[in-house]
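Heads up, the thing below is written out as structure tokens.
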Amino acid sequence: MKSLFLIVATCALCLAMACCTGRTVPAEEPSGAEEAADEARIDSFIYDVEEDVSAPMPAAADELFDDFIFNFASSARLQMSRIAFPLVHRRGTRTDTISSGKWEMNRFFMDRDFYTLILDDEMQAENTEDTAVSRAAVEKIYLESGYITRYDFERKAGKWMMTAVCDTTWHGTAAGDFLAFYARFAVDTLFQEASIQNPLAFTGPDPDDDFAEMEGLIMAEQWASFAPDLPRGTMYCVIHGAPPRSTQKKVFVIRGIANGLETSMVFRKREGKWKLTKLSI
């Protein structure tokens, strides 16, 4: 840690933080040039298959699951070609199949500003850039009901394919204990304050230097001024490689889709209770 100090929630710092959550509108509207640059970056990995029936998706988009899923969720034609029909559909102990005629286009998280990652440690974040990863999943998590729809993908012969859909509950799953905790943490401000390590380790942008970060501590009573906009209701979680294990540590990441911004929260389970121990924005 560069320095250890108590951070005062000044207006300048709060404005700087507001620009770094995955769902908050920046204080300043982007210029036309910045918007064009963002669109160009998105276009560089989302290939519009609808415009050219004869042209396949670039092979490079199959190297990383993140690049593939953006394409998969953006094109109905590509989506139909990358599902292993009849698609295995598991509901608890029951297994059915879905025919191509019954499948409906799924845009996953493309209608939102962000998606999430639930990791066992910070090193797992490297899997998002690992071209050797051959299994992945997208989970739609219903935080109010404890229900999960998981879409499984495998890369076969260099191409990502959806291989199964599984409807289940999080109870009894490796991450179920944490998800049950997070579902309450996301909506209950009093529970949030009680579930925060006091003081809380913090890393964020330096309001005096656009290219630097500041590190320090946040007191529990300051949490409301620093708290990010937390996903609630339903959220999409992307799993690269092996699913989360049943561990005493979870790294919850909110990753912006078009803006590249990211919020990371480290939770640890101590004496049977989950506690937020670090916030990075």
Side-chain angles (χ1 to χ4, degrees), residues 22-23 30 33-89 98 100 103-119 123-141 149-166 231 234-244 253-264:
R23 302 174 60 190
E34 290 172 335
E35 289 180 343
D38 286 340
E39 291 177 1
R41 282 192 291 272
I42 296 172
D43 290 342
S44 68
F45 62 83
I46 297 182
Y47 177 71
D48 192 353
V49 181
E50 308 294 344
E51 291 187 358
D52 188 349
V53 177
S54 63
M57 184 180 70
D62 267 312
E63 292 183 356
L64 295 177
F65 180 73
D66 282 4
D67 291 349
F68 163 76
I69 194 63
F70 277 104
N71 283 278
F72 184 83
S74 301
S75 167
R77 184 173 290 109
L78 175 65
Q79 192 164 122
M80 293 297 291
S81 71
R82 292 302 188 91
I83 298 176
F85 290 115
L87 182 65
V88 174
H89 186 192
I98 303 172
S100 59
W103 180 259
E104 296 182 1
M105 170 71 172
N106 192 332
R107 291 184 56 80
F108 296 94
F109 46 77
M110 293 300 289
D111 295 330
R112 306 186 179 202
D113 317 2
F114 68 98
Y115 62 92
T116 67
L117 306 171
I118 299 177
L119 312 172
M123 295 297 293
Q124 281 188 341
E126 297 179 2
N127 286 346
T128 64
E129 301 296 328
D130 187 353
T131 58
V133 170
S134 60
R135 290 180 180 270
V138 177
E139 291 185 338
K140 185 175 184 180
I141 301 172
T149 297
R150 189 183 73 244
Y151 302 88
D152 293 330
F153 295 83
E154 293 182 34
R155 188 164 58 175
K156 300 180 177 181
K159 292 183 178 181
W160 283 102
M161 298 287 295
M162 182 190 288
T163 57
V165 178
C166 181
T234 61
M235 67 181 184
Y236 284 92
C237 181
V238 179
I239 300 171
H240 303 80
V253 180
I254 306 170
R255 183 167 289 178
I257 292 176
N259 55 24
L261 301 179
E262 186 169 295
T263 297
S264 174

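Numbering starts at 1 and runs along the sequence shown. Here the structure is a predicted model, which means the values were calculated and not measured.
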**Message:** Looking at every non-hydrogen atom in both residues, tell me the closest pair between Thr116 and Pro231 and how far apart they are.
**Reply:** CG2-CG, 4.0 Å
**Asked** Any donor-acceptor pair under 3.5 Å linking the side chain of Ser75 with the backbone of Asn71?
**Response** no
**Prompt:** Taking Gln79 for the side chain and Asn106 for the main chain, is one N or O donor matched with an acceptor at less than 3.5 Å?
**Reply:** yes
**Asked** Do the side chains of Phe68 and Lys159 get nearer than 4.5 Å, heavy atoms only?
**Response** no
**Prompt:** Side chains of Val138 and Phe65: closer than 4.5 Å at any heavy-atom pair?
**Reply:** yes
**Asked** Is there side-chain contact between Ile254 and Met235, with heavy atoms separated by less than 4.5 Å?
**Response** no
**Prompt:** Of the non-hydrogen atoms in Val133 and Trp160, which two are nearest, and what is the gap between them?
**Reply:** O-CZ2, 3.4 Å
**Item:** His89 side, atom NE2; Cys166 side, atom SG - distance, nearest 0.5 Å
**Value:** 7.5 Å
**Prompt:** Which atoms form the tightest heavy-atom contact between Pro243 and Ile239, and what is the distance?
**Reply:** CA-CG2, 3.7 Å
**Prompt:** Could you go step by step and tell me if Asp152 and Val165 meet the side chain to side chain contact (heavy atoms under 4.5 Å, CB included) rule?
**Reply:** CA-CA 6 Å; Asp152 293 330; Val165 178; over 6 Å; no
**Prompt:** If you round to the nearest 0.5 Å, how far is CG of Asn259 from CG of Asp113?
**Reply:** 7.5 Å
**Prompt:** Roughly how far apart are Arg82 CZ and Thr163 OG1, rounded to 0.5 Å?
**Reply:** 13.5 Å
**Message:** If I compare all heavy atoms of Phe108 with all of Phe72, which pair ends up nearest, and what's the gap?
**Reply:** CE1-CE2, 3.6 Å
**Message:** Rounded at 0.5 Å granularity, tell me how far CG in Asp62 sits from OG1 in Thr131.
**Reply:** 12.0 Å
**Message:** Quick check against the 3.5 Å criterion: does Thr234 have a side-chain atom that pairs as donor or acceptor with the backbone of Ile141?
**Reply:** no
**Message:** Walk me through whether Met162 and Phe153 qualify under side chain to side chain contact (heavy atoms under 4.5 Å, CB included).
**Reply:** CA-CA 4 Å; Met162 182 190 288; Phe153 295 83; 3.6 Å; yes
**Heavy-atom pair with the smallest gap, counting every atom of Ile69 and Phe109** = CG2-CZ, 4.1 Å
**Asked** Measuring from Ile83:CD1 to Leu78:CG, what's the distance to the nearest 0.5 Å?
**Response** 9.5 Å
**Prompt:** Step by step, would you call Tyr151 with Leu87 a side chain to side chain contact (heavy atoms under 4.5 Å, CB included)?
**Reply:** CA-CA 11 Å; Tyr151 302 88; Leu87 182 65; over 6 Å; no
**Prompt:** Quick one: does Val238's side chain get under 4.5 Å of Arg255's, heavy atoms only?
**Reply:** no
**Asked** Is there side-chain contact between His240 and Asp66, with at least one heavy-atom pair below 4.5 Å?
**Response** yes
**Item:** Taking every non-hydrogen atom, the tightest pair across Met110 and Ala73
**Value:** CG-CB, 3.4 Å
**Fill in**
Residues pairing under salt bridge (Lys or Arg N to Asp or Glu O under 4.0 Å) where one sits in residues 127-138, two or more places apart or in two chains, turn out to be Arg135-Glu154
**Asked** With distance as the sole test, does Glu139 use its side chain to make a donor-acceptor pair with the main-chain N or O of Arg150 at under 3.5 Å?
**Response** no
